[in-house]
**Q** 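Have a look at the structure that comes next, please.
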There are 2 protein chains.
Amino acid sequence: MPGRGRPRRFDRDAALRTAMRLFWERGYEGTSMTDLTTAMGIGSPSLYAAFSCKEALFREAVALYNETEGAVPRRMLHEEPTARRAVEALLRISADAYTDPATPPGCLVVLGAANCTEENQGVREFLAGLRREDLAMLRARLDRGVSEGDLPAGTDTTALAAFYNTVLYGLSIQSRDGATRTELHDIVDTALAAWPGQRS
Amino acid sequence: MPGRGRPRRFDRDAALRTAMRLFWERGYEGTSMTDLTTAMGIGSPSLYAAFSCKEALFREAVALYNETEGAVPRRMLHEEPTARRAVEALLRISADAYTDPATPPGCLVVLGAANCTEENQGVREFLAGLRREDLAMLRARLDRGVSEGDLPAGTDTTALAAFYNTVLYGLSIQSRDGATRTELHDIVDTALAAWPGQRS
DNA sequence: CCATTTATATATCAACCGATACATAAATGA
DNA sequence: TCATTTATGTATCGGTTGATATATAAATGG
């Protein structure tokens, strides 16, 4: 039921996608409400009525990002048969996504609130929490590799997960600096040489 | 010769160090002129008279950062006898510096203008240029390792340098997220396992 | 038809941004 | 002494920030 009052003139989902795109491209503080309302083609009271405030809009946009952009890497992480292949798929898919010319370079969760003001520490902590979740998923996949026997028992999965997570962070910055897809995959090649038991 | 007019009431070098510290902590756009003048204890016309404008002050502060904080890693990179030991020293010293409680976490050159506004693209490009210089120095050190025989002939030094550079970028973000010194060194351990010929 | 509800458009709000105008203070050179 | 030069303190500039007050438009329920 669409309710009683005057119907909304714009598509809320489309507006949210627009916000995701802008925040992805320019970060939280780098995107102004005027940028958003202009890109959405609506007035600022309409935006506030639909999304409460800038921070709420950002959180909703990031949630959308996490559901859409994060779906493929998450699925790969689970479906690939070994930990090694899962991590390689994660890195390769991320490298491809970060250099997709149809979307802004790098990861919104990593870059969206890099050095933001103290007054927006809540936004920063929100993204940091998502990063911790991603790290935990990666570590869990490595632990699964140990329990399934494709990773040596006694592997320091915490350190290994932290390492590949760090590489992913670095890839985001590299893509922002204009690194090509090939360059990122070359970096991934080297990173995979650090895999336990690997000969480089 | 201190010149003719009324002498400056404040220490320009100390003010520059204050600016470096603030920019390091909060980034270019995250630091306001009011933040700067307050921390320096001077009025805004004095700041403008001494440093022209915000961007010029930032560039000078970053130059100071590069000279001071960058000195030790640069020296290690040159003085360590092998490429492998040089890279390890670079990573370890950076990990220590990024987690030094006396200074802000992470690297100013990496984090100082992460997703800044389009109108400040000049600042972003300035830092990107410094990062390219650092990358070139790292690659040159690896090339030296090849010519001196401690790295196998045919080693892809470009890819290897890009990889360790990427790890350094990632370490900056990790330290911003509150990673401890031990955690960073564990990541460095894993990164070094990717070294050519290494058994991990 | 009309009360109610919701969304819109216009016009702003106070706070902060980077940057200056202006008058005054404090030094030097002649 | 006094013109010149430079720096300082105060007050403020126009512009932008995130967020609203207000009045009107457009739907539903009775």
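Every chain is numbered from 1, with letters handed out A, B, ... down the list of sequences. All values below come from the heavy atoms of this structure, side chains included, with hydrogens, waters and symmetry mates left out. Please read these numbers as outputs of a predicted model, since none were measured by experiment.
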**Q** Under 4.0 Å, heavy atoms only, any strand: does A:Thr37 hit a base, just the sugar-phosphate, or nothing?
**A**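 The answer is nothing, as A:Thr37 stays clear of every strand by at least 4.0 Å.
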**Q** Whole Å only: how far is the CG atom of B:Asn120 from the P atom of D:dT17?
**A**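 Distance, rounded to whole Å: 12 Å.
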**Q** May I have the distance from B:Leu22 (atom CG) to C:dG18 (atom C1'), rounded to whole angstrom?
**A**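 Whole-Å distance recorded here is 16 Å.
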**Q** Can you tell me which nucleotide in D:dT8, C:dA27, C:dT8 comes closest to the side chain of B:Pro7?
**A**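 It is C:dA27.
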**Q** Which nucleotide in the set D:dA19, C:dG29, C:dA7 lies at the smallest distance from any side-chain heavy atom of A:Arg8?
**A**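 Selected nucleotide (nearest to the side chain): C:dA7.
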**Q** Please report, rounded to the nearest Å, how far the P atom of C:dA21 is from the OH atom of B:Tyr48.
**A**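 Whole-Å distance recorded here is 12 Å.
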**Q** Could you check how far CZ of B:Arg26 sits from P of C:dC16, rounded to whole Å?
**A**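 In whole Å, C:dC16 P and B:Arg26 CZ are 14 Å from each other.
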**Q** Does any N or O in the side chain of B:Arg139 come within less than 3.5 Å of the main-chain N or O of B:Ala161, such that one atom is a donor and the other an acceptor?
**A**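 Judged by distance alone, no pair lies under 3.5 Å.
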**Q** Which whole-number value in Å describes the distance from B:Leu47 CG to C:dT20 P?
**A**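 Rounded to whole Å, this separation is 12 Å.
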**Q** Could you tell me whether B:Pro45 contacts a base, only the sugar-phosphate backbone, or nothing, with contacts defined as non-hydrogen atoms closer than 4.0 Å?
**A**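 If one applies the 4.0 Å heavy-atom cut-off, B:Pro45 turns out to touch a base.
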**Q** Any side-chain N or O of A:Ser46 less than 4.0 Å from the OP1 or OP2 oxygen of C:dT8?
**A**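 Yes, A:Ser46 has a side-chain N/O under 4.0 Å of OP1/OP2 on C:dT8.
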**Q** Side chain of B:Arg181, backbone of B:Asp96: donor and acceptor closer than 3.5 Å?
**A**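 Between the backbone of B:Asp96 and the side chain of B:Arg181 there is a qualifying donor-acceptor contact (under 3.5 Å).
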**Q** Looking across every strand, which nucleic acid part, if any, lies under 4.0 Å from A:Ser44 by heavy atom: base, sugar-phosphate, or nothing?
**A**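 If one applies the 4.0 Å heavy-atom cut-off, A:Ser44 turns out to touch a base.
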**Q** So, A:Asp189 and A:Arg92, do they make that salt bridge, N to O below 4.0 Å?
**A**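 Between A:Arg92 and A:Asp189 there is a salt bridge, with a charged N closer than 4.0 Å to a carboxylate O.
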**Q** D:dG18, OP1 or OP2 - any side-chain N/O from A:Thr34 closer than 4.0 Å?
**A**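 Looking at the OP1 and OP2 atoms of D:dG18, neither is under 4.0 Å from any side-chain N or O of A:Thr34.
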**Q** Tell me, please, whether B:Phe23 has B:Arg21 positioned over its six-membered ring: NZ or CZ under 6.0 Å from the ring centre and within 45 degrees of its axis?
**A**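 No - B:Arg21 does not lie over the ring of B:Phe23 by the 6.0 Å and 45° rule.
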**Q** Can B:Arg8 be said to sit on top of B:Phe10's aromatic six-ring, NZ or CZ under 6.0 Å from centre and within 45° of the ring axis?
**A**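 So B:Arg8 does make the cation-pi contact.
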**Q** Between D:dA19 atom P and A:Asp35 atom CG, what is the distance in whole Å?
**A**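 A:Asp35 atom CG is separated from D:dA19 atom P by 14 Å.
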**Q** So for A:Arg6 and D:dA25, does any side-chain atom that can act as donor or acceptor lie under 3.5 Å from a complementary atom in the base?
**A**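 When only heavy-atom distances are counted, A:Arg6 does reach the base of D:dA25 through a donor-acceptor pair under 3.5 Å.
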**Q** Looking for any heavy atom pair under 4.0 Å, which part of the strands does A:Thr31 touch: base, sugar-phosphate only, or nothing?
**A**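 Contact class for A:Thr31: sugar-phosphate only.
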**Q** Calculate the interatomic distance between B:Arg4 atom CZ and C:dA25 atom C1'; express it in whole Å.
**A**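 Spelled out: CZ on B:Arg4 to C1' on C:dA25 is 16 Å.
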**Q** Starting at atom CE of A:Met33, determine the distance to atom C1' of C:dC17, rounded to an integer number of angstrom.
**A**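 Checked: the CE to C1' distance equals 18 Å.
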**Q** Report the nucleotide, chosen from C:dT28, C:dG18, C:dT5, that has the shortest atom-to-atom distance to any side-chain atom of B:Ser32.
**A**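 Of the candidates, C:dG18 comes closest.
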